[in-house]
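Taking it in order: structure first as structure tokens, then the write-up.
Counting convention: from 1, in listed order, for ligands and their atoms alike. Since this is a predicted model, take the numbers as computed values, not measurements.
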Amino acid sequence: MNDQVRIVEVGPRDGLQNEKTPVSIAARIAFIEALVGAGLHTVEVGAFVSPKAIPQMVGSDQVLRGVNHHPDSEFHVLVPNEKGYDAARAAGATVIAVFASASEGFSRANINCSVAESIERFKPVVNRAKADGIKVRGYISCVLGCPYDGEVKPQAVVDVARTLWEFGCYEVSLGDTIGVGTPVKARQLLRAVAGTVPIAHLAMHFHDTYGQALANLYAGMEEGARVIDSAAGGLGGCPYAPGATGNVATEDVVYMLEGMGIATGVDMARLVAATNEISKLIGRPPVSRVAAAINAKRRVAN
Ligand code: HMG
Ligand code: MG
């Protein structure tokens, strides 16, 4: 597996959307700048969603405008509908992400409509984005289990993936929203979806609730998947996925990849510094094992 992996850093969006402590727009911009400075060039920076649903993402327009000056970086934002699209476009978005669910229960809770209705809602968004030269990424949540409906069949994921791919999404990100997956199931899922969406266009977005995310990523990599969503410090969660914790930590992913001989271009010291800074602001230590180990080593050395 000695080849390239692309990391999509989702900390500023997935990481902060569930935090109780408000993080100012200036601090969100500084966090993103620090992540880019650490070598993470694909960063999801915000969401153009209802302020009632996710107050933490209010000001995503200012955040995007504040960071959009890096020519070699790509900044993503979530868009649930045309209203969100208008705002994202006005703020200069070049990549948007639409987000569907493989399960009805989560779809209802998260975006207040059925899976089929959400697809109908995305159609005009995707068509307008295509006409405007904006790239569209497609998320599918609950690919390995749903907090409301329980088990989710791979076929349900394949069906949504096919639709997103046929719409023209350049990449489909498979979200284990509640982090319940295990490696064999993750592998079977990747294999099933890769029959419809080429594996090079699939991303793995695994939350680490049950501590399985790295193992699941490795299993997915053995299937050929090479795009990993992760969040600095292991931040993250979704208010509509009760009990779910953060994304797999970027530090842990980078450590694993570098250990496998896969260069990430990420400066670990700068990444841990970015994590420490945001952790201070939200008032709790990073859950990343690697960040914790590096911080402990530093404390001993000083
Ligand atoms: P709704 O209530 O059905 O929408 O919400 P509506 O069209 O009836 O509008 C209700 C109000 O929201 C109106 O305002 C609209 O103007 C406003 P009011 O008249 O009451 O003052 N509104 C908006 N405001 C700003 N931006 C918009 C927008 N749309 C409507 N785009 C809706 C439907 C989809 C809008 C809502 O449920 C929502 O915003 N949900 C987003 C939830 C969310 O962001 N969840 C977290 C992200 S998904 C995730 O974390 C999973 C992922 O990480 C992958 C994984 O881990 O699985 C991606
Ligand atoms: Mg997520």
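- The backbone N or O of A232 lies less than 3.5 Å from a partner atom in the side chain of E9, making a donor-acceptor pair.
- You'll find the ring centres of Y170 and H201 outside the 6.0 Å limit.
- When heavy-atom distances to ligand 1 are checked against 4.0 Å, the residues falling inside are R13, D14, Q17, F48, V49, S50, P51, K52, A53, I54, L78, P80, N81, K83, G84, F99, N110, I111, N112, R121, Y139, S141, G175, T177, H205, H207, C238, ordered by chain and number.
- The main-chain N or O of S103 is found under 3.5 Å from a side-chain atom of S101 such that the two form a donor-acceptor pair.
- Heavy-atom neighbours of R289 CZ from other residues, nucleotides or ligands within 6.0 Å: at or below the threshold of 12.
- Geometric assessment of R13 against the ring of F48 yields a negative cation-pi assignment under the 6.0 Å and 45° thresholds.
- Exactly one residue among V254, D229, T42 makes a side chain to side chain contact (heavy atoms under 4.5 Å, CB included) with I7. That residue is V254.
- Here the N, O or S atom of D14 that is nearest to the Mg ion (ligand 2) is OD2.
- Using bins of under 30°, 30° to 60° and over 60° for the plane-to-plane angle, the ring pair F122/F99 lands in the tilted bin.
- Around the Mg ion (ligand 2), the two atoms NE2 of H207 and NE2 of H205 are separated by an angle of 90°, to 10 degrees.
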